[in-house]
Amino acid sequence: MKQLMWVALVVTMIAGCENRSEKILTDASYGFIDSLISVMTLDEKIGQMTLYTSGWDTTGPTLNDQYKVELKAGRVGALFNAHTVAYNRELQRIAVEETNLGIPLLFGYDVIHGHKTIFPIPLAESCTWDLDLIRETARLSAKEATASGLNWTFNPMVDVARDPRWGRVAEGAGEDPYLVSLIGAARVRGYQGDDLKDPYTMLACVKHFAAYGAAQAGRDYHTVDMSDRVLREIYLPPYKAAIDAGATTVMTSFNEIDGVPVSGNKYLLTEILRDEWKFDGFVVTDYTSINEMVPHGIVADEKEAASLALKAGVDMDMQGGVFNAHLGTLIASSEIKEEEIDKAVRKVLMLKERLGLFDNPYLYLDEQREKEVLFSSELMDHALEVAKESIVLLKNEHFKGQPVLPVSKDVRNIAVIGPLGDNQLDLLGTWHASGDVSKVVTLLEGIRKVVPGAKVTYAKGVGFYDHDAGNIQEARKVAASADVVILALGENYLQSGEAASRASIDLPGQQNELVKAIMGLNKPTVAVVMAGRPLTIQQLDEQVPAILNGWHLGTMAGQAIAEVLFGVHNPSGKLTMTYPRSVGQIPICYSMKNTGRPFAANNKYTSKYLDESNEPLYPFGYGLSYTSFEYGDLIVNKTAITTGETLNIKVTVKNTGSRQGSEVVQLYTRDLVGSVTRPVKELKGFEKITLAPDESKTVEFSLSTDDLAFYTRDMSYKAEPGEFKVYVGGNSAEVLTAPFSLVE
Ligand code: GLC
């Protein structure tokens, strides 16, 4: 009956229209939605601004009794962490058939790098620099998640991060705003597709707005304080790029900026997000972040917090129950107006309409589709491909005259040593949602699959914590009997992600001691480092001739790493986050300022450390291959351009090795003099190419004056005339360069 009612509303609004075009739909749904709002009680309106979590226990999905009461009273507009078609169908049935107006629910979830089939953690995937591949991952994640009854993901996370002590670097796309922007936009397009009424697409949620990745000292939830220039130059662009790509929801971050917690920050949530960027979706808070404005010390109680959040521009309260508890009172005391609530409710209802939920609340709840899609070969094949492309070859030196990698497939006796060698759960990485651990291919299994004729032995050696019982001697014995040793080192999945900042980012536990013992055997050894962040592995780098960054690669991790180890796949990943030599260098990134006393070896009084180099262990954009590439003939078509003109840049890249390989050719610029100081390099373009042995390709880039714009001294965003340099290379440190100037 309720469905008929709003169908009647919709039909009357559309009756006079020829066809349901987007414009007419918007007008119609605008009218329909306003008609619906006009018959909603205040409680029902506030319910649409309320998001509660479902639970999960050994019996499966659960919903606490109080939320069931709220749900039936029409005081819940969305649930998260609820999935499977059967469970969500029942919840949707309650919402549609047992509440006064029958408004369907949104079902949200952290589909961060897959739902049941788990892809590499986002930081790993960003090292593919392959936007089509990344978009496909989001599309397939949405396909599997929507088949499981979900229609809203809390992703992409586009927090620029330059401090690997922060555990949430794992969820993002690294340190560079240009690259994070492109990747964030690709993920939004993957999740949302071209039509949100397609039951395989879902609402994206760009997070965590804003600048959450700049938490002081890399400590999660810590204070963020920066100039408006740095905020707009480095941290805001990826959120805007995701919104320009069509992101329909935005999530506020836990942190404060300039003394005001984001969930109560009108400058961010209204002046920038709405007024400047024209964002027209809805803003949801992060988990209880409205409530947290009390301990932040910006309000005295949660009622004040509710008022501050609503007035700042928050539309939906995740899990805090603060809107439900206090907006009614705030209306009664005229501290807020009902129109302010109607504005928020309208945005939520508009997106439910765009998803097609008013036409069919059960659109996402098809059990047959669930059976067909989960773990389909399309998903598993993609999981393997992305995992392989995410691997970064950090080092590959010789042992007795031969490069250690790739290991010959004729090898007879392999020892796998370390806590990630025969491990499924940790390879899924942080935020692995409802990933099925039983499906994860371990490194041991992957190796046995790729080299079935070899004898493969395993010893864990040590765990992830100092207190873990280990047996380094037993591991040494196992390694002693092998021809080749594969060290499987790194972090477990709990050592990165949310609330997982580390003051030391060394290999955890006694792993360095394990490495030392094994290297004493003087055997050809490869270290595979699997973690959610760049680690300080200087000691490993000094001892081990070959190192692969195997991140946390998800369901197909073991096979992907094995295919790279034995040369079935030639690695091409490039770091999107700098590897520090030591934690004392942090924050460190490729795009730093020159300072007035740039380091000079022959001058004490220059910017440096007494006990550490200024240089990273591995720079942004870095990654080796089993072949080699030579760069030459960097040519710019002009030595000077005027405003509005384009500079064309060409470079020739040759595969000088013996096997096909892919290379990410990177373009950087430097503005030598500005009305404010400028970074020594900024990424402005890249192209991933694949070359056969001896093949050359001329890669072309074009730079417009818009590409040279920045927030100048008076904060106007524009390019300034002057001298520039372009840099082109296979990473941010080894580059060819050419000058050019921008003239009035
Ligand atoms: C968490 C995270 C956020 C996530 C949300 C829902 O606290 O900060 O990224 O989407 O809660 O799980």
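All values derive from a computational prediction rather than experimental measurement. Counting starts at 1 for both ligands and their atoms, following the listed order.
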To atom 10 (O) of ligand 1, the nearest of D110, D286, N81 on a heavy-atom basis is D110
Using a strict 4.0 Å cut-off to heavy atoms of F154, name the atoms of ligand 1 that fall inside it.
6 (C), 10 (O)
Ligand 1 versus M157, non-hydrogen atoms closer than 4.0 Å: side chain, backbone, both, neither?
neither
Pair H432 + H552: ring centers closer than 6.0 Å:
no
The single option from R346, K343, R274 passing salt bridge (Lys or Arg N to Asp or Glu O under 4.0 Å) against D315
R274
Within 4.0 Å of some non-hydrogen atom of F254, the atoms of ligand 1 are 7 (O), 8 (O)
Can we call the ring centroids of F119 and H113 under 6.0 Å apart?
no
If the contact criterion is a heavy-atom separation under 4.0 Å, does R168 count as touching ligand 1?
yes
Using a strict 4.0 Å cut-off to heavy atoms of Y287, name the atoms of ligand 1 that fall inside it.
7 (O), 11 (O)
Looking at ligand 1, would Q319 count as a contact under a 4.0 Å heavy-atom criterion?
no
Between H208 and ligand 1, find which residue part has any heavy-atom pair under 4.0 Å and reply side chain, backbone, both or neither.
side chain
K116 charged N/C atom sitting above F375 aromatic ring, 6.0 Å / 45°:
no
Side chain, backbone, both or neither: which part of Y212 comes within less than 4.0 Å of ligand 1 when only heavy atoms are counted?
neither
Under 3.5 Å, is there a donor on one side chain and an acceptor on the other for Y267 and D258?
no
So with a 6.0 Å cut-off around NZ of K266, is the heavy-atom count from everything else above 12?
no
Set out, in order, the CA-CA distance, both residues' side-chain angles and the distance that settles side chain to side chain donor-acceptor pair (under 3.5 Å) for Y52 and N324, then state yes or no.
CA-CA 11 Å; Y52 285 134; N324 246 342; 3.2 Å; yes
Between S54 and Y87: side-chain donor-acceptor atoms closer than 3.5 Å
yes
Sub-4.0 Å heavy-atom approach of Y109 to ligand 1
no
Do me a favour and list the nearest non-hydrogen protein atom to atom 2 (C) of ligand 1 with residue, atom name and distance?
E498 OE1, 3.2 Å
Near K207 (heavy-atom distance under 4.0 Å), the atoms of ligand 1 are 3 (C), 4 (C), 9 (O), 10 (O)
